[in-house]
Number of protein chains: 2
Amino acid sequence: MQITRQTEYAIHTLLELSRVPFGELLQTKAISERQGIPEDFLKKTIQILARAGLVQTQRGTQGGVRLARPSSQITLGDVIAAIEGPLAINVCLAYGNQCPDKGTCQVHRILQGAQKALVDELNRRTFADIVEMERSAEQAPH
Amino acid sequence: MQITRQTEYAIHTLLELSRVPFGELLQTKAISERQGIPEDFLKKTIQILARAGLVQTQRGTQGGVRLARPSSQITLGDVIAAIEGPLAINVCLAYGNQCPDKGTCQVHRILQGAQKALVDELNRRTFADIVEMERSAEQAPH
DNA sequence: CAATAGGGGACTAATTATGTCCTTTTTATC
DNA sequence: GATAAAAAGGACATAATTAGTCCCCTATTG
């Protein structure tokens, strides 16, 4: 697993969508301008998010993108998994992989444990939490 | 951070070295044959491990590679860091990176927490532990 | 000094990541 | 219905990274 730039774009997009009232549409172009993301590239990224069921898109005039479910039900782990596929910190842990000594390989077990620790952390907080944390941080004295 | 094939090679190499008595030399060629690793590529990998201070090499006839310190003082995290540089699951957490809103970015904080969970797990067990676990697993009834 | 084993530079190939361009489809509105 | 807006999506292009290969150099031992 690695968090690529595309994943970062996706996270920023989800954050933008989480900041507006649930159900409200934002346009790809607006997001790309605000976040400094190449528009065409962002479009593809959003398509992936849509296929993964994280956002819904609407074509045509006044169209745009919105969250498919409340931000309180979307985590960083969801977004990363959507863009990069099931989390796997190395080949040996990738979904479907049949490592010959999978059963006995102790390295495999440790990597699996480490991966689980990572994924658990990534799934602990939702985007609603993040937006809430941002608000508290803003209001707090410097 | 991602665990590349080269890192896997490095882990297997450290494992081989951990299985022989401390101080004993193994030859790159022998390791490459046993593990099915291209020899020239393994040579480079071992050079990196040597520069990182994890192994010591000796040139010339009867030369080879050995651990620079006991396997009880080397962890998976050490090897991964040696090959891939300081662990950073994304650009924003990379060493030296100056993300503009590093201080306030909540995503940054969550990723940092997740990364710490991962690194902690990777550093929890040493290669001596792994070899020990392998031995118990072998002896255990099937 | 000959054979052995690691050191290391240069290069190639394959894969992945990041973008760009252009055309099509859907939809609201005039 | 025509028009314009906005997402869908295919085809490319470019760059970076990863993996691997080749060839010669240097150190060590006997």
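First the proteins, then the strands, lettered A, B, ... as listed; each starts at 1. Keep in mind the model is a prediction, meaning the values are calculated, not measured.
- For A:T4 and C:dT18, the shortest distance from a side-chain N or O to OP1 or OP2 is below 4.0 Å.
- The shortest non-hydrogen separation linking B:A82 to B:L49 is CB-CD2, 4.3 Å.
- Taking a cutoff of 4.0 Å between a charged side-chain nitrogen and a carboxylate oxygen, A:E121 and B:K116 do not qualify as a salt bridge.
- Residue B:Y9 has a polar side-chain atom (N or O) positioned under 4.0 Å from OP1 or OP2 of D:dG20.
- Residue-to-nucleotide proximity on DNA chain D shows that, of A:D40 and A:G63, the 5′-proximal contact is made by A:G63.
- Counting distance only, with no hydrogens placed and no angle test, the side-chain atoms of B:R59 and the base atoms of D:dT26 include a donor-acceptor pair under 3.5 Å.
- For the pair A:R5 and A:E8, the salt-bridge criterion is not met [side-chain N within less than 4.0 Å of a carboxylate O].
- Residue contacts for B:Q27: at a heavy-atom cut-off of 4.0 Å it reaches the sugar-phosphate backbone alone, with no base atom in range.
- Across the interface with DNA chain C, nearest-nucleotide mapping of A:E39 and A:T61 shows A:E39 to be the residue nearer the 5′ end.
- For the OP1/OP2 pair of D:dA7 and a distance below 4.0 Å, the side-chain nitrogens and oxygens of A:Q47 include no atom meeting the criterion.
- Between A:R66 and A:E24 there is no salt bridge, since no side-chain N of the basic residue sits under 4.0 Å from a carboxylate O of the acidic one.
- Between A:T28 and D:dA6 there is no side-chain N or O to OP1 or OP2 distance below 4.0 Å.
- OP1 or OP2 of D:dA7 has not a single side-chain nitrogen or oxygen of A:R51 nearer than 4.0 Å.
- Nearest-nucleotide assignment on DNA chain C puts the 5′-proximal partner with A:P38, out of A:Q58 and A:P38.
- One interatomic measurement links the two molecules: CZ of A:R66 to C1' of D:dA7, which rounds to 13 Å at whole-angstrom precision.
- Listed pair A:T57 / D:dA6 fails the phosphate criterion, with no side-chain N or O lying under 4.0 Å from OP1 or OP2.
- Residue-to-nucleotide contacts include a donor-acceptor pair under 3.5 Å from the side chain of B:K44 to the base of C:dG9.
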